[in-house]
Visitor: 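Have a look at this one before I ask anything.
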Amino acid sequence: MRFVRINDVVISHDLHGQGSGKPAIAFINSLGTDRRIWDRVVEALAPDFTILTFDKRGHGLSDLAAPPYRIEDFSGDLAGLIDHYGLKDVIVCGLSVGGPIALDLYRARPELARALVLADTAHRIGTPEFWNARIDAVRQSGIASILEPIMSRWFTAAYRRDDNADYRGYCTMLARQSAEGYAGTCAAIRDADFAEVARSVAVPTLCIAGAEDGSTPPELVKSLADLIPASRFAIIPDAAHIPCVEAPETFIALLRSFIDDLPGA
């Protein structure tokens with residue numbers, strides 16, 4: 001676990017394989033989670049890659065900073081981390097809100113991104129009315145008050161069992177996030193529309209959807225893939241909004257296959 005000040009915000013992060021010269025991947029976590037959602041993926045890929053994971057501002061052990069946020073705040077933090085460690089030609093993998101963050105990193109600093117992996121995300125997610133209602137609920141009653149409806153979108157019914165210790169752990173992860181950080185990120189998603197950026201993407205891109213995703217259903221993820229020239233689209237069965245947790249083996253296999261096909265791989 002490491003900490004560094006980027007854009008006057010202390011960002012909690014991990015870097016595996018620093019100085020190894022292996023291809024670099026940066027993972028961006030979803031709203032209401034921290035970088036630990038990538039643990040199974042990192043464990044599998046660490047022998048072959050340099051891997052950067054981090055807690056977005058307002059999440060995990062990173063600073064709250066000054067919410068509400070913009071997507072540009074998060075992508076600027078990631079660019080700062082990449083520059084701090086001198087990483088080059090990074091494969092940028094964003095889940096949920098991580099998708100717009102990855103797209104904005106590409107918009108602002110295209111030289112940093114070798115390829116994009118956009119999982120369970122879209123160029124525009126939800127409506128202003130939806131996000132304003134969620135912001136109000138969190139500020140009035142806390143994140144725990146909306147735990148069940150969120151979990152029904154994050155995970156399949158088969159995973160959401162009381163005897164599944166992993167599921168209970170992810171419930172706790174969400175409930176313990178900063179309410180202001182969560183609400184501030186909701187505002188960033190509410191105000192984001194990356195359709196034009198998606199149309200401009202000129203690096204290899206893989207779009208992934210969990211078949212039972214209740215937050216960004218497969219047809220919404222496919223609409224993003226259709227905007228990105230020559231992108232790939234894949235559906236992970238028996239998974240919802242966070243397939244890197246619920247179906248890590250399939251997620252890892254898709255990621256490896258995509259990377260193996262990159263130019264110069």
Visitor: Would Phe74 and His59 count as a close aromatic pair, with their ring centres under 6.0 Å?
Guide: no
Visitor: Among residues at least two apart in sequence or on other chains, which ones pass salt bridge (Lys or Arg N to Asp or Glu O under 4.0 Å) with Arg176?
Guide: none
Visitor: Take Arg2 and Tyr85 through the side chain to side chain contact (heavy atoms under 4.5 Å, CB included) test and state the conclusion after the steps.
Guide: CA-CA 12 Å; Arg2 307 184 186 198; Tyr85 288 108; 3.4 Å; yes
Visitor: Closer than 4.0 angstrom, basic N to acidic O: yes or no for Arg109 and Asp83?
Guide: yes
Visitor: Quick one: NE2 on His241 to CD1 on Ile150, what's the gap to the nearest 0.5 Å?
Guide: 10.0 Å
Visitor: For Ser96, is there any backbone N or O sitting under 3.5 Å from a side-chain donor or acceptor partner on Thr121?
Guide: yes
Visitor: So that I can tick it off, tell me whether Arg70 and Asp104 are bridged by a salt bridge, with the cut-off set at under 4.0 angstrom between side-chain N and carboxylate O.
Guide: no
Visitor: How far does OG of Ser257 sit from CD1 of Ile252, to the nearest 0.5 angstrom?
Guide: 13.5 Å
Visitor: Do the side-chain N and O atoms of Arg190 and Thr127 include a donor-acceptor pair separated by under 3.5 angstrom?
Guide: no
Visitor: Under a 4.0 Å N-O cut-off, is there an ion pair linking Asp260 with Arg256?
Guide: no
Visitor: Linking directly or through intermediates, with side-chain heavy atoms under 4.5 Å: list the remaining ILVMFWY members grouped with Ile135, chain and number order.
Guide: none
Visitor: Could Glu219 and Lys222 be called an ion pair, given the rule that one side-chain N must be under 4.0 Å from one carboxylate O?
Guide: no
Visitor: Given a cutoff of under 4.5 Å between side-chain heavy atoms of I, L, V, M, F, W and Y, with clusters grown through shared members, what are the other residues clustered with Met1?
Guide: Phe3, Val10, Leu61
Visitor: Taking only Lys NZ, Arg NE, NH1 and NH2, and the carboxylate oxygens of Asp or Glu, determine whether Asp213 and Arg153 approach each other closer than 4.0 Å.
Guide: no
Visitor: Would you please name every residue forming a side-chain contact (heavy atoms from CB on, under 4.5 Å) with Asn7, sequence neighbours left out?
Guide: Arg57, Asp77
Visitor: How about Arg124: does its CZ atom have over 12 heavy atoms from other parts shown lying under 6.0 Å from it?
Guide: yes
Visitor: Tell me, please, which residues at least two apart from Arg114 pass salt bridge (Lys or Arg N to Asp or Glu O under 4.0 Å).
Guide: none
Visitor: Examine distances only and state if a side-chain atom of Trp154 and a backbone atom of Tyr170 form a donor-acceptor pair shorter than 3.5 Å.
Guide: no
Visitor: Would Ser20 and Thr50 count as having a side-chain donor-acceptor pair, cut-off 3.5 Å?
Guide: yes
Visitor: Any salt bridge between Arg232 and Asp261, counting N to O under 4.0 Å?
Guide: yes
Visitor: Salt-bridge test for Glu111 and Lys88: reply yes if a basic N is under 4.0 Å from a carboxylate O, no otherwise.
Guide: no
Visitor: Under the salt bridge (Lys or Arg N to Asp or Glu O under 4.0 Å) test, which residues partner Glu249, sequence neighbours left out?
Guide: Arg40
Visitor: Side-chain heavy atoms under 4.5 angstrom apart, residues restricted to Ile, Leu, Val, Met, Phe, Trp, Tyr: same cluster for Phe233 and Val117?
Guide: no
